[in-house]
Amino acid sequence: MTALLDEVWHDHWGRLLALLVAQYRRLDLAEDALADAFEAAARTWGDEPPRNPPAWLLTTARRKAVDRLRAEAIAARKQPLLVVDARTQEEAERHMADPGEPVLDERLRLVLMCAHPSLAPESAAALTLRLVLGVATDDVARLFLVPRATMAARLTRARKKLAATGVPFAVPGPDDLAARVPVVAHVAYLAFTAGYAPTSGDQPLRADLAGEAVRLVRVVREVLPRGPVLDALLALVLLQHSRRDARVGPDGGLVLLPDQDRSRWRHDEIAEALALLTPWVADAPAGTPYLLEALIAAEHAVAPTAEDTAWPRIAELYAELEAVTGSPVVRLNRAVAVAEAEGPLAGLALLDGLGLPGSHRLPSVRAELLARAGRDDEARAAYDEALALCGNEVERQHLAARRSALEGGA
Amino acid sequence: MRYVVLLTETEPEAWDHATEAERQAVLVAHRAFDDEVARRGEVLGGRALDRSDTATTLRSVDGTWTVTDGPFAESAEQLGGFYVVDMPDLDAMIAAARLLPTGYTIEIRPVVDVPDY
């Protein structure tokens, strides 16, 4: 695809799709017609693109939709249509007639429909990436580490469920809209973490796709009501994503936070994140997990070296986060922070009685703290336990290296 | 859209032990649901069901029916009642269902139109 077409895809896919969905009330038809229009653009624009590319695409997609409807068997037309109220349909049709007219951000309806609580969060995350940003099914599959056919089937099921259950293509009243913010935030964060923390395969992260998820968080924050949840979520993903280059070593190996070359962090992204957090630091709304997580990530981001990290402050934030979420994963992270602030024994004490079945992270952390406490035999056993559970090749190499360093020292 | 709303009681014995005030609160909540559905759509039907030990279950094995005593699934939670309603969309349906008494697990299922039936 040409650079121009790429740019139009990037900036306008979601809006154009939303208009087509409003008019035709079918996700599959709207997606196929819009893909047809982009294909036609790639074939015909050449050196002379139209003056108004999105308007050209919209007109073409509409014609393609009509063609497709004509070609379809009657039976296919009997499928359930999305619930779209008459006014939304009218607006879309008016926009079709006069594409120059500015309209409200139709992407909001699309976001609310895709990130609906009636869908499983993983399906909702995949569908949102696909429909709102136009991420190709192949890439969505790669992000979630499933075969393409599996992802295609998952997306089809999700589309069908939205139509069959009557999830509306609509914006609810202010109270209901506010209640949907955490659901959408969860779905968007899931899309991001899928690319950031894989559990198998030989790639430690798929930074390009995680970048698409960051863009999704931006869009979601743009179209939903403003507030601490989405500001904090955007800050959090920016901070995590800003470390992507430093996270992978020259040999492709995983580089952990303390060993990362901090000059390779994206400092412009860190600055943007800190600016997003500033208004919420003074009077942090109680019990906003994304805000606490973002503040933790920010403490790491502002430390000039690993040794300068404000571990007591981070341990405090983790304690607060554990109180809000009750999550054993948070407890594990808190133990790491406490170990840094007060020594390995204080960290180990917090691991007592903790259970994370099937995860290699708990034995990895225990192994590391035991090694630091000089309890080599116990550390060795914990590394073995972690290695047996870890499916990511890069992380396995790291664990094996730590274990043999231990034997060298013994 | 037409939906069936299935009300599964999380503690089927609760009604028997409820005080008069608690029973009143349950009825008030059902009435609030009725009113909200009437405002946005229509209640087409609905009933409270007798206790699950009054249930009779027919199972087909190799093409023949066996009649047994009790509900189709022996579990702590039992179906306690249902509504059939017409509502504009799932969000409106969920908003109305939120008004029902909290002692239920509520399942919302769209009704399928079978052509020529």
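Residue numbers begin at 1 in each chain, while the letters A, B, ... track the order of the sequences. Remember, predicted model here, so these are calculated numbers, not experimental data.
R23(B) CZ: more than 12 foreign heavy atoms inside a 6.0 Å radius. The number of heavy atoms from other shown groups lying within 6.0 Å of CZ (R47(B)) does not exceed 12. Enclosure of atom CZ in R25(A) by more than 12 non-hydrogen atoms of other residues, nucleotides or ligands within 6.0 angstrom is indicated. Crowding of E11(B) atom CD: a count of heavy atoms from other residues, nucleotides or ligands under 6.0 Å not exceeding 12.
At a threshold of 4.5 Å between non-hydrogen side-chain atoms, the residues T165(A) and M1(B) do not count as touching.
Salt-bridge check for R180(A) with D91(B): passed, with a basic side-chain N closer than 4.0 Å to an acidic carboxylate O.
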*asked:* Please evaluate residues V167(A) and M93(B) with respect to the criterion side-chain contact (heavy atoms from CB on, under 4.5 Å), reporting the C-alpha separation (whole Å), side-chain torsions for both, the decisive distance (0.1 Å), and the verdict.
replied: CA-CA 10 Å; V167(A) 171; M93(B) 186 66 256; over 6 Å; no
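Contacts of I108(B) with chain A are absent, with no heavy-atom separation under 4.5 Å from either backbone or side chain. For P172(A), no part sits under 4.5 Å from any heavy atom of chain B, backbone or side chain.
Contact detail for P88(B) and V83(A): the closest heavy-atom pair is O-CG1, 3.5 Å.
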